[in-house]
Amino acid sequence: DGSADYRARVETADLPEKVREAALREVGKLERASDASPEAGWIRTWLDTVLEMPWSTRTEDNTDLTAARAVLDADHAGLSDVKDRILEYLAVRNRRAERDLGVIGGRGSGAVLALAGPPGVGKTSLGESVARALGRRFVRVSLGGIRDEAEIRGHRRTYVGALPGRIVRALREAGSMNPVVLLDEVDKLSAGYAGDPAAALLEVLDPAQNHTFRDHYLEVDLDLSDVLFLATANVVEAIPGPLLDRMELVTLDGYTEDEKVAIARDHLLPRQRERAGLTADEVDVDPSALGRIAGEYTREAGVRQLERALAKIMRKVAVALTDDAAPVRVDAENLVRYLGRPKHTPESAERTAVPGVATGLAVTGAGGDVLFIEATSMEGDPGLTLTGQLGDVMKESAHIALSYLRANGRRLGLDPNALAGRRIHLHVPAGAVPKDGPSAGITMVTALASLASGRPVRPEFGMTGEVTLSGRVLPIGGVKQKLLAAHRAGLTEVIIPARNEPDLDDLPTEVREALTVHTLADVADVLALAL
Ligand code: ATP
Ligand code: MG
């Protein structure tokens, strides 16, 4: 394009006045610059970017909440609490939009809705669904691994190879000024040598500032107040504090086996079948097989591996199915033909067969999980060896557990010599995964007491709770995720701190009925039950 073309394009484009002025200034510079100069190149690229922005394009919102609910329901099975929260959020936003119409910076409802939970529970796809429900365009901005502020806010134009930041690119991609922008994985942002991307993001999300957001590359004000920002995260604790402050958290903890079967039947199976070019007449997967995949072939809080397993079955069927073959029906019996032998069998019984091993419940980035705490003792330097990449808080729990037993062993009926004058070793597999937090306290006491008494821990028990030096059991977080994991692992008895009892209200009935939950306040009662 020659500079005359740019002048015409800027003049006819539907640009905000300030942007047009800035663009015309640049066109003037372009007209004065020699065509082949690097400067002319930069200016043209900048003008292209400005002209590609959807300055005056807005999509019409669907404000009908019943219709929005119908879209959310059609896209995702279950999750009714989460959908309620989303609808409340949209309702408040709608009302504020009506009231504040035209007031600069007043249209957003302030807090950003953040969906937090383990992998594969539907956080990203719910974000997409919210856009559909509202009738807005959708863009995902993946923040995983971003360390440079310029990724968010753009590079200055003087920088070689300068680019606008992710927010500008997201709007360009959306083609409207009011899309749903999903800030995916805000917990994976990290502050690096080149500024703090979280600080830039804070400005993006702040309703007091975001109607005049400045990208370093674009250098003109961008009004972000009509953008609906959503965020997702696996680990809430890893979200930078100031960002978390701006967020309204909605947690997704994972699914029970029954919920997974329903999701697979209504969503994953039809989708994978279609991807493989198959029809429901040609292949069906029985609910009994779906349950078996969820229980024995995958062990996850979400449904991603389950979906992969279905994809694998569909590929195999696609290969095997000939035109005149009978329809394929995959059931619990013939499943092995498609997926091989089950990968997960309950291991608690086997692991806890020897004294000194107790089953704990933990929350990791992948959701709830069971972990086995092993204790052993030997001749040698008296003291405590800890392995398994334990964090400081977890190490302290181990010392507390040992001190508690040394001080109270006799009262608890343990051999006082079993733990005295010997080297104690406590290990938390898997050794390579870093772990921290106080919630393994009672499990450590139980493993050590089992070692001291020579009595194995009852294999059907899993437990979680912080312990104090005086043997009190203190409340911990993540109860729902942990109990879902206990259920997945085939445990039937679970010990949690007495003060966590209210958390049981969140538990799906299926899990509530399958587990006997003991709520205890004294670790002596834990030992009495589990040993
Ligand atoms: P990650 O933290 O790993 O990014 P995520 O929570 O964003 O995980 P998604 O990618 O949204 O997970 O979900 C994985 C898949 O499972 C998607 O195909 C999604 O549609 C499907 N899925 C998850 N939950 C449901 C549900 N309740 N109903 C229907 N489909 C679901
Ligand atoms: Mg995701």
Side-chain angles (χ1 to χ4, degrees), residues 69-87 112-133 138-146 166 170 180-189 229-239 247 249-276 285 287 290-291 293-294 297-314 363-369 478 480-481 484 488 508 510:
R69 171 104 216 178
V71 172
L72 294 180
D73 282 338
D75 289 350
H76 291 88
L79 296 175
S80 66
D81 294 353
V82 175
K83 290 172 187 167
D84 288 346
R85 286 287 301 278
I86 292 175
L87 286 175
V112 171
L113 201 63
L115 305 166
V121 293
K123 300 181 297 298
T124 306
S125 72
L126 266 169
E128 228 174 307
S129 196
V130 168
R132 261 184 14 97
F138 176 77
V139 204
R140 192 175 79 92
V141 175
S142 166
L143 298 174
I146 288 190
R166 299 282 181 113
V180 170
V181 173
L182 183 75
L183 303 168
D184 219 3
E185 313 196 320
V186 274
D187 54 335
K188 311 265 166 28
L189 272 179
F229 289 104
L230 301 175
T232 77
N234 286 140
V235 184
V236 174
E237 291 74 26
I239 302 177
M247 294 182 173
L249 270 190
V250 179
T251 49
L252 291 83
D253 289 310
Y255 299 112
T256 66
E257 192 170 310
D258 287 355
E259 288 169 337
K260 289 179 184 176
V261 169
I263 293 169
R265 184 194 56 213
D266 298 339
H267 297 270
L268 312 179
L269 176 59
R271 177 159 62 219
Q272 291 306 330
R273 186 156 50 204
E274 196 187 323
R275 287 213 181 137
V285 182
L290 295 174
I293 302 173
Y297 287 82
T298 63
R299 183 158 296 166
E300 57 179 348
V303 293
R304 189 166 286 134
Q305 292 170 33
L306 174 56
E307 184 162 21
R308 267 192 213 128
L310 289 172
K312 183 169 174 186
I313 296 175
M314 292 305 123
V363 175
T364 68
D369 205 356
K480 183 174 170 195
Q481 293 199 35
L484 283 172
R488 275 202 297 283
E510 181 194 347

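All values reported here derive from a predicted model rather than from experimental measurement. We count ligands from 1, going down the list as the structure has it; atoms in each ligand are counted the same way. Values below: every heavy atom of this structure, side chains too, minus hydrogens, waters and symmetry copies.
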D75: numbered ligand 1 atoms lying under 4.0 Å from its heavy atoms: 29 (C)
Side chain, backbone, both or neither: which applies to [X] and ligand 1 if a contact is any heavy-atom pair less than 4.0 Å apart?
X    : answer
L79  : side chain
V303 : side chain
K123 : both

Looking at ligand 1, does any of its N/O atoms fall within less than 3.5 Å of an N/O of [X]?
X    : value
H76  : no
G120 : yes
V121 : yes
L268 : no
N234 : yes

For R132, the salt bridge (Lys or Arg N to Asp or Glu O under 4.0 Å) test, sequence neighbours excluded, returns D75
For atom 19 (C) of ligand 1, state which one of A262, S125, A74 supplies the nearest heavy atom. S125
At distances under 2.8 Å, what protein N, O or S atoms surround the Mg ion (ligand 2)?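 Correct list: T124 OG1.
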Ligand 1 contact by L115, heavy-atom criterion under 4.0 angstrom: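 In this structure, L115 fails to qualify as a contact of ligand 1 - no heavy atom is under 4.0 Å.
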Give the residue, atom name and distance (to 0.1 Å) of the protein heavy atom nearest [atom].
atom                    : answer
atom 9 (P) of ligand 1  : R304 NH2, 3.6 Å
atom 30 (N) of ligand 1 : I263 CG2, 3.7 Å
atom 15 (C) of ligand 1 : E307 OE1, 3.7 Å
atom 17 (C) of ligand 1 : R271 NH2, 3.8 Å

Under the side chain to side chain contact (heavy atoms under 4.5 Å, CB included) test, which residues partner D253, sequence neighbours left out? T251, K480, Q481, L484
Distance-only donor-acceptor pairs under 3.5 Å for side chains of residues 118-128, two or more places apart:
unit_1	atom_1	unit_2	atom_2	d
K123	NZ	G117	O	3.0
K123	NZ	P118	O	2.8
T124	OG1	D184	OD1	3.4
T124	OG1	D184	OD2	3.2
S125	OG	H76	NE2	2.6

Consider side-chain contact (heavy atoms from CB on, under 4.5 Å). Of L79, V130, V250, which one does I86 pass it with? V130
